[in-house]
There are 2 protein chains.
Amino acid sequence: MKIGEAAAASGCHLETVRYYERIGLLPKPARTDSGYRSYSEDDVRRLRFVTRGRELGFSLEEIRGLLQLSTDSTLSCSEVDQLARTHLAEIEMRVAELQQMAHELRRTIATCRGGQRAACAILDALWKSTRPGEADAAVQPQQRRRLNVHGHSQN
Amino acid sequence: MKIGEAAAASGCHLETVRYYERIGLLPKPARTDSGYRSYSEDDVRRLRFVTRGRELGFSLEEIRGLLQLSTDSTLSCSEVDQLARTHLAEIEMRVAELQQMAHELRRTIATCRGGQRAACAILDALWKSTRPGEADAAVQPQQRRRLNVHGHSQN
DNA sequence: CTTGACCCTGTAGTCGCTACGGGGTTTACG
DNA sequence: CGTAAACCCCGTAGCGACTACAGGGTCAAG
């Protein structure tokens, strides 16, 4: 199986497969005489494991760990369980954050009367700080969270 | 006001302020004789506009647009409104995706009996593809979405 | 025998920062 | 007045998870 087929079979981008190999997430596959990568069914299964993990939002490092846990027979299931639970908690936190953002945005949009720029409620909301107290809280600076919304589709 | 104070006053990292300047999101500030950046109240307001926009999940390019819209008096509020609505829709989509992920993870975790690795339901779920049909859908490859969970706190 | 689809390597770009190295300046304390 | 700590400067490189491109090689069909 050549790389293009393997990529299609696992639902990820061809160049991503090479990327996963480069960072050591996938083993180096066999090669044809002309140097083409040649994937076995097992290779494809492993690749699907990775893409499936990504779909569930695991980082590549987490997936690396999961792969190790699932091939090292001395380790128990509880570590996997722990990783999954921690990960779930992160997702839930992230959902809550995004919902907060959505809530504020909806509120702001609702105030907009569609009039002139000078009276735009959305821009106003951005020009004003949420909690006016924190402007002079020069004591403890950067403890703020950053949130990616752009999460980020290819296509 | 020096850069450290400006950063604290707007709640963002000092180096981020320089970064925003470098990419042209903030105007180049005045300088002291010794070359230190010196920020006015207006500069700080603009910086807060940016950080507030980031908190609402706007990209820096979107914020650049919002800043332009809010200083160009010939443009109406409706473009701002449109941007905000589009952005809100993206956030909502993202929330739905994350909730789907959380749902699947919860389901998978619940199946885990805490036994031996060989019987780990979580790893099993990763080794199996969700919809078995798509493995041989070699026709249309990469139309899959990528989702960042790690969204991404500093500190 | 040529065309086009596929494959190769290596490198650079994306986004939104963050961190570092190697300096200069300012300020508070003794 | 000296000096140490705290601040600032610039430039560049790193992060994660890809994606894209340049400049080639290979292979099957017509």
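Hydrogens, waters and symmetry mates are skipped; everything else that's a heavy atom, side chains included, is used. On a predicted model such as this, the values are computed, not experimentally measured, just so you know. Below, chains carry the letters A, B, ... as their sequence lines are ordered, and counting in each starts from 1.
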Note to self: Please report the distance, rounded to the nearest Å, between CG in Leu60(B) and P in dT14(C).
What the structure shows: 14 Å
Notebook entry, point to check: To the nearest Å, how far apart are Ile3(A) CD1 and dC6(C) C1'?
Noted result: 11 Å
Notebook entry, point to check: Just checking Ile23(B): base, sugar-phosphate only, or nothing, at a heavy-atom cut-off of under 4.0 Å?
Noted result: nothing
Margin query: Among residues 34-44 of chain A, which ones have heavy-atom contacts with DNA chain C below 4.0 Å?
Written below: Gly35(A), Tyr36(A), Arg37(A)
Note to self: Rounded to whole Å, how long is the line connecting atom CD of Glu21(B) with atom C1' of dC9(D)?
What the structure shows: 11 Å
Next item on the list: Kindly write out the residues that satisfy side chain to side chain contact (heavy atoms under 4.5 Å, CB included) with Asp42(A), not counting sequence neighbours, or none if the list is empty.
Entry: Ser40(A), Arg45(A)
Notebook entry, point to check: When you measure from the side chain of Lys2(A), which nucleotide among dC17(C), dC8(D), dC7(C) comes out closest?
Noted result: dC7(C)
Check: Does a side-chain N-to-carboxylate-O contact under 4.0 Å join Arg54(B) and Glu62(B)?
Finding: no
Notebook entry, point to check: Closer to the 5' end of DNA chain C via nearest nucleotide, is it Glu15(B) or Arg18(A)?
Noted result: Arg18(A)
Margin query: Salt bridge or not between Arg52(A) and Glu104(B)? Use side-chain N to carboxylate O under 4.0 Å.
Written below: yes
Check: Arg22(B) CZ to dC17(C) P: how many Å, rounded?
Finding: 12 Å
Checklist line | Sidechain N-carboxylate O distance under 4.0 Å for Glu92(B), Arg106(A) | finding: yes
Next item on the list: Please report, rounded to the nearest Å, how far the P atom of dG10(C) is from the CG atom of Leu14(A).
Entry: 16 Å
Notebook entry, point to check: What is the distance from OH of Tyr19(B) to C1' of dT12(D), rounded to the nearest Å?
Noted result: 14 Å
Next item on the list: Would you indicate which nucleotide in dC8(C), dC10(D), dC18(D) comes nearest to any side-chain atom of Arg31(B)?
Entry: dC10(D)
Checklist line | Arg54(A) side-chain proximity, nearest of dC18(D), dA19(C), dT9(C) | finding: dC18(D)
Checklist line | Arg18(B)/Glu21(B) salt bridge by N-O under 4.0 Å criterion | finding: no
Notebook entry, point to check: How long is the gap from CG on Leu67(B) to CG on Leu60(B), to the nearest 0.5 Å?
Noted result: 10.5 Å
